[in-house]
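Okay, so here's the structure we're looking at.
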Amino acid sequence: MSYIIDRRLNGKHKSTVNRQRFLDRYRRHIREAVNDAVGRRSIQDMEQGERITIPQKDLSEPIFHHGSGGRRNVVHPGNKEFQQGDRIKKPSGGEGGGGGQKAGDSGEGDDEFAFQIDPREFLNFLFEDLELPNLVKRQLEGTRSFHLRHGGIVSHGIPTKVNIVRSMRQASMRRRALSAASRKRLRALKAEHEELLQQDQSPQRRERLAELEEQIARLQRRLERIPFLDEVDLRYNHHVKVPRPVSRAVMFCIMDVSGSMNQDMKDLAKRFFLLLYLFLQRNYEHTEVVFIRHHTSAKEVTEEEFFYSRETGGTIVSSALKLTLDIIKERYPVDEWNLYGAQASDGDNWNDDSPGCASLLENELLPRMQHFSYVEVMPRSHQALWDQYQGVMERNGDFFSMAQIDAPGDIYPVFRRLFKKRMEAA
Amino acid sequence: MTVTESKLLSTGSDWDFETLDRYDRAIAELAHGKYGLDTYPNQIEVISSEQMMDAYSSVGMPVGYNHWSFGKQFVEVEGRYRRGQMGLAYEIVINSNPCIAYLMEENTITMQALVIAHASYGHNSFFKGNYLFKTWTDASAIIDYLVFARHYIAECEQRHGVAAVEEVLDSCHALMNYGVDRYKRPTPISAMEEKRRQREREEILRQQVSELWKTFPDLQPATQRREPNFRYPAEPQENLLYFLEKNAPLLEPWQRELIRIVRKMAQYFYPQRQTKVMNEGWATFWHYTLLHDLYDNGQVGDGFMLEFLQNHSQVIHQPPFDSPYYSGINPYALGFAMFTDIRRICEQPTEEDRHWFPDIAGSDWLATLKFAMESFKDESFIQQFLSPRLIREFKLFSLFDDNERDYIEIDAIHDERGYKAIRNKLSEQYNLSIQEPNIQVHDADVRGDRSLTLQHIRQHHRPLDEASSREVLRHLYRLWGFDVHLESVDNGTVVERLSIPDL
């Protein structure tokens with residue numbers, strides 16, 4: 001009578017679609033929670049899931065139900081001391097105990113709905129609507145950088161790519177077209193033949209019949225000669241080569257570590273770098289990072305050293321840009337890598353160095369890079385470097401962006417602004 | 001000793017498919033042979049906990065259409081399960097033929113046996129025997145219908161967009177409790193028939209304008225003959241979704257079809273909502289009885305029984321009202337206690353029982369139990385069979401709350417004077433037509449501004465919750481397409497009126 005079935009191997013993610021629909025519906029809430037989390041979290045744990053809470057009232061599924069008021073009876077178990085006719089004072093202001101308890105059954109006083117999204121979803125929400133500028137600029141030579149994509153149906157090709165359905169359809173169309181006239185005539189002749197057979201036979205009629213039969217036979221032979229499949233019918237699947245963007249990217253983090261940069265500023269810069277790094281990582285299969293710090297001279301360092309060791313002294317920004325250029329020339333050929341630069345500084349620079357920086361950036365680095373962003377982590381008036389860079393931005397708006405960050409809360413909005421999906425580019 | 005050993009169905013807590021099969025046979029032999037339970041064939045499916053969560057969040061439908069609310073449920077279940085705040089139910093059982101029951105792979109053999117007895121024989125025989133299920137649901141057609149619904153909705157999503165479909169479904173879900181016929185008997189459905197009829201309806205609707213809104217009275221002799229101030233609908237309609245499906249002026253055929261699907265679901269689940277206590281009580285009674293029989297036959301050992309009894313007592317635990325764990329009356333506890341009590345009344349009636357239950361005291365317990373299972377729903381079951389002894393055992397008492405007084409009165413407790421009152425009140429507590437606001441379609445102004453008026457008839461002067469009613473009205477407005485009003489009627493006079501859009 002019973003069948004016992006092992007279903008454990010069946011798909012388990014039956015609810016994925018529904019879950020996704022749910023996330024889509026509450027996109028706004030989730031995005032807010034994600035933005036909050038970005039402001040709150042330390043850099044290291046950016047790549048984690050997040051607990052999202054949504055006010056219960058926003059996702060309620062309303063139904064008609066009774067409100068408080070009126071008369072009601074509730075039966076409860078576990079009576080200890082009550083006697084019939086006992087009266088219990090209602091708590092002032094609130095509704096009756098019985099009613100209150102009943103209402104508590106469904107809600108439990110929970111006014112927030114909380115759930116977890118996983119790290120991947122977290123990043124998806126984080127980077128939603130963002131786009132890397134100039135993503136598909138570079139292509140790697142050789143076969144690896146192409147992939148084949150279906151490119152329609154063509155009439156010439158190699159036998160292995162014959163599209164049978166299309167070819168047969170073509171053949172059928174041709175057969176019908178070529179035979180149309182003959183078939184029509186054949187029908188007419190057959191009809192006449194039939195008619196003659198019904199009538200009384202006479203010599204003329206018999207002669208006509210013979211003539212008809214011969215014509216019919218000839219037409220039928222002609223019809224049979226139409227080939228079932230002809231070379232012109234053949235159709236082939238066509239594939240086109242689509243260039244694939246280089247899947248490797250390198251990111252240059254350039255930071256000023258002169259005495260005027262304190263740890264807070266570095267932290268701000270670090271957050272910005274990290275966002276950029278995560279963002280690149282999502283878009284490229286392989287991402288490398290080069291850390292360059294500078295005061296009066298620049299040096300390539302490890303991440304640890306980059307963020308935490310202290311230096312003092314003046315600031316010459318061009319030294320870092322020069323080092324970047326050298327590293328690019330030495331290790332990262334432009335045709336194999338996507339290059340991104342991010343510079344953070346408090347804006348201090350030796351005044352006569354700034355014009356040099358701008359021209360170095362504009363003439364040497366930008367032509368090689370996908371994008372270069374500059375953030376100034378200083379809540380005060382801008383200095384020469386900013387002005388110079390502004391000029392660069394006016395001339396190279398697509399490849400260069402700059403912004404000022406005052407507090408941790410600013411980072412994410414600034415980041416979003418820098419990488420906002422550009423509709424006109426699409 | 002060796003003889004009993006050899007009769008054991010299993011040792012240890014692990015299970016495999018052969019053991020499951022042995023248990024199923026042993027239980028079936030008792031259930032069918034000894035007790036004569038009538039069941040659908042069983043389909044027992046072993047699933048993993050993830051799959052259980054999926055099944056959970058699709059409200060127990062094995063094949064569900066896609067909707068965000070199921071996703072919400074899933075996210076909630078998943079979160080609570082992962083944080084350890086909630087164990088998953090041991091079983092889910094579906095009212096279908098064959099009757100599908102899910103077993104979770106993590107469970108021990110004891111739990112599997114319990115679930116088989118509980119779901120595959122307890123619930124199963126209830127689905128087959130109870131009059132509500134017999135009348136309202138068609139176990140052999142439901143799976144096909146669910147598949148049809150899922151495909152149809154997926155097709156609509158492709159044709160009209162996910163958002164458009166979701167909107168309609170949201171609105172239908174809000175009115176789902178008002179998508180059932182409470183009194184009219186339905187005709188059985190089959191998926192094939194349903195598909196054919198759906199196409200037919202769509203065709204007809206395409207060919208003719210809704211009868212309601214024909215605007216050329218001259219061409220419509222039937223319309224002309226109507227009284228100038230005739231009322232539509234002539235009688236109040238309780239099935240809001242049905243009314244909308246047939247009469248909403250602006251809906252596309254596919255939208256009407258979606259309403260119909262939600263309506264059918266509501267109707268399918270309606271008996272389950274009315275028989276919670278009975279259904280769970282019946283199943284619990286049978287797993288208790290059947291597994292005890294296995295023990296008496298020496299087919300299971302002491303360890304098995306200890307584990308089983310521990311689980312069983314958890315299931316039927318009823319915390320008192322002042323306990324922090326109290327969340328209303330546990331249907332398992334009440335149901336189990338009542339069925340056990342009926343058996344006791346039949347087998348060992350006391351004087352009190354003879355006085356209260358002259359018909360069944362001393363009668364054949366199995367026949368009485370089956371009669372009770374087949375012929376009642378929670379409300380009438382309690383009204384009929386709740387004995388004074390149980391009222392005492394549960395120490396039931398009743399609170400009366402009138403918002404015009406500043407105190408709550410204890411109007412009955414578990415004593416001689418209170419038994420009848422408690423029984424009536426508890427029964428009423430399970431009466432859906434009292435627990436749910438009584439709302440009906442009162443008037444559709446087909447000759448005027450096409451506004452739709454619903455009436456809520458207040459019982460015990462209880463008002464509607466305004467905020468949620470407003471939300472639901474908004475959904476109703478979406479489906480109806482013109483102004484909607486909700487009047488609240490107390491003692492024959494309209495005391496409150498809600499309108500969307502706001503006047």
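Throughout, protein chains are lettered first and strands after them, A, B, ... in sequence-line order, and every chain is numbered starting at 1.
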### Query
Roughly how far, to the nearest 0.5 Å, is the CD1 atom of A/I4 from the CD1 atom of B/I116?
5.5 Å
### Summary
Residues B/S48 and A/R8: closest non-hydrogen pair is N-CG, 3.9 Å
### Message
With heavy-atom distances below 4.5 Å as the criterion, would you say the side chains of A/D6 and B/F17 are in contact?
### Response
yes
### Summary
One should read off an interatomic distance between B/I44 CD1 and A/Y3 OH, to the nearest 0.5 angstrom, of 11.5 Å
### Task
Anything under 30° is parallel, anything over 60° is perpendicular, the rest tilted; go ahead and classify B/F321 against A/F82.
tilted
### Task
Specify the closest pair of heavy atoms between A/V75 and B/Y326, including all atoms of both residues, with the distance to one decimal.
O-OH, 4.3 Å
### Task
Check whether B/D170 gets within reach of chain A through its side chain, its backbone, both or neither, counting any heavy atom under 4.5 Å.
side chain
### Query
Any idea which of B/L464, B/D21, B/L473, B/I47 has the most non-hydrogen atom pairs under 4.5 angstrom with chain A?
B/L464
### Query
Between A/R87 and chain B, which part of the residue has a heavy atom less than 4.5 Å away: side chain, backbone, both or neither?
both
### Query
CZ of B/R392: more than 12 outside heavy atoms within 6.0 angstrom?
yes
### Contact winner vs chain A - B/H460, B/R462, B/H173, heavy-atom pairs under 4.5 Å
B/R462
### Query
Which bit of B/P319 is near chain A, if near means a heavy-atom gap under 4.5 Å: side chain, backbone, both or neither?
backbone
### Task
Classify the angle between the aromatic ring planes of A/H66 and B/H456 as parallel (below 30°), tilted (30 to 60°) or perpendicular (above 60°).
tilted
## Note on the structure
dist B/I408:CD1 -> A/I88:CD1 (nearest 0.5 Å) comes out at 6.0 Å
### Considering all heavy atoms, the nearest A/Q83-B/I413 contact
OE1-CD1, 3.7 Å
### Task
First locate atom OH of B/Y23, then atom OG of A/S2, and finally report the distance between them rounded to the nearest 0.5 Å.
15.5 Å
### Query
Are A/N79 and B/H414 close enough, and set up right, to give a side chain to side chain contact (heavy atoms under 4.5 Å, CB included), and what steps lead you there?
CA-CA 8 Å; A/N79 180 19; B/H414 47 96; 3.5 Å; yes
### Query
For B/L486, is it the side chain, the backbone, both or neither that has a heavy atom under 4.5 Å from a heavy atom of chain A?
side chain
#### Entry: Flag side-chain contact, heavy atom, 4.5 Å: B/E78 against A/S15
no
### Contact summary for B/N403 and A/G69, nearest pair of heavy atoms
ND2-CA, 3.6 Å
### Task
Identify the two heavy atoms, one from A/Q84 and one from B/D411, that lie closest to each other, and give their separation to 0.1 Å.
NE2-O, 3.4 Å
### Query
Taking atom CD of B/E29 as the centre, does the number of heavy atoms from other residues, nucleotides or ligands within less than 6.0 Å exceed 12?
no
## Note on the structure
Whatever's closer than 4.5 Å to a heavy atom in chain A on B/E166 counts as side chain
### Message
Donor-acceptor pair, distance only, cut-off 3.5 Å: does the side chain of A/N73 make one with the backbone of B/L399?
### Response
yes
### Query
For the side chain of B/N66 and the backbone of A/N18, is there at least one donor-acceptor N/O pair under 3.5 Å apart?
no
### Message
Counting heavy-atom pairs closer than 4.5 Å to chain B, which one of A/E61, A/H65, A/K89, A/R19 comes out on top?
### Response
A/H65
### Query
Top residue by heavy-atom pair count (under 4.5 Å) with chain A, among B/E471, B/E436, B/E105?
B/E105
### Task
Measure B/I439 against the heavy atoms of chain A and call it side chain, backbone, both or neither at under 4.5 Å.
side chain
### Query
Quick one: what part of B/L426 sits under 4.5 Å from any heavy atom of chain A, side chain, backbone, both or neither?
both
### Query
Side chains of B/L175 and A/F64: does their closest heavy-atom pair fall under 4.5 Å?
yes
#### Entry: Options A/Q20, A/R21, A/R71, ranked by heavy-atom pairs under 4.5 Å with chain B, top entry
A/R71
### Message
Rounded at 0.5 Å granularity, tell me how far CD1 in B/I100 sits from CD1 in A/I5.
### Response
8.0 Å
### Spatial distance of atom CD1 (B/I422) from atom NE2 (A/H76) [nearest 0.5 Å]
11.0 Å
### Query
Quick one: of B/A412, B/A467, B/P463, B/A101, who has the most non-hydrogen atom pairs under 4.5 Å with chain A?
B/P463
### Query
B/Y178 versus chain A, heavy atoms under 4.5 Å apart: side chain, backbone, both or neither?
side chain
### Query
Taking all non-hydrogen atoms of both residues, which atom of B/F397 and which atom of A/P77 are closest, and how far apart?
CE2-O, 3.9 Å
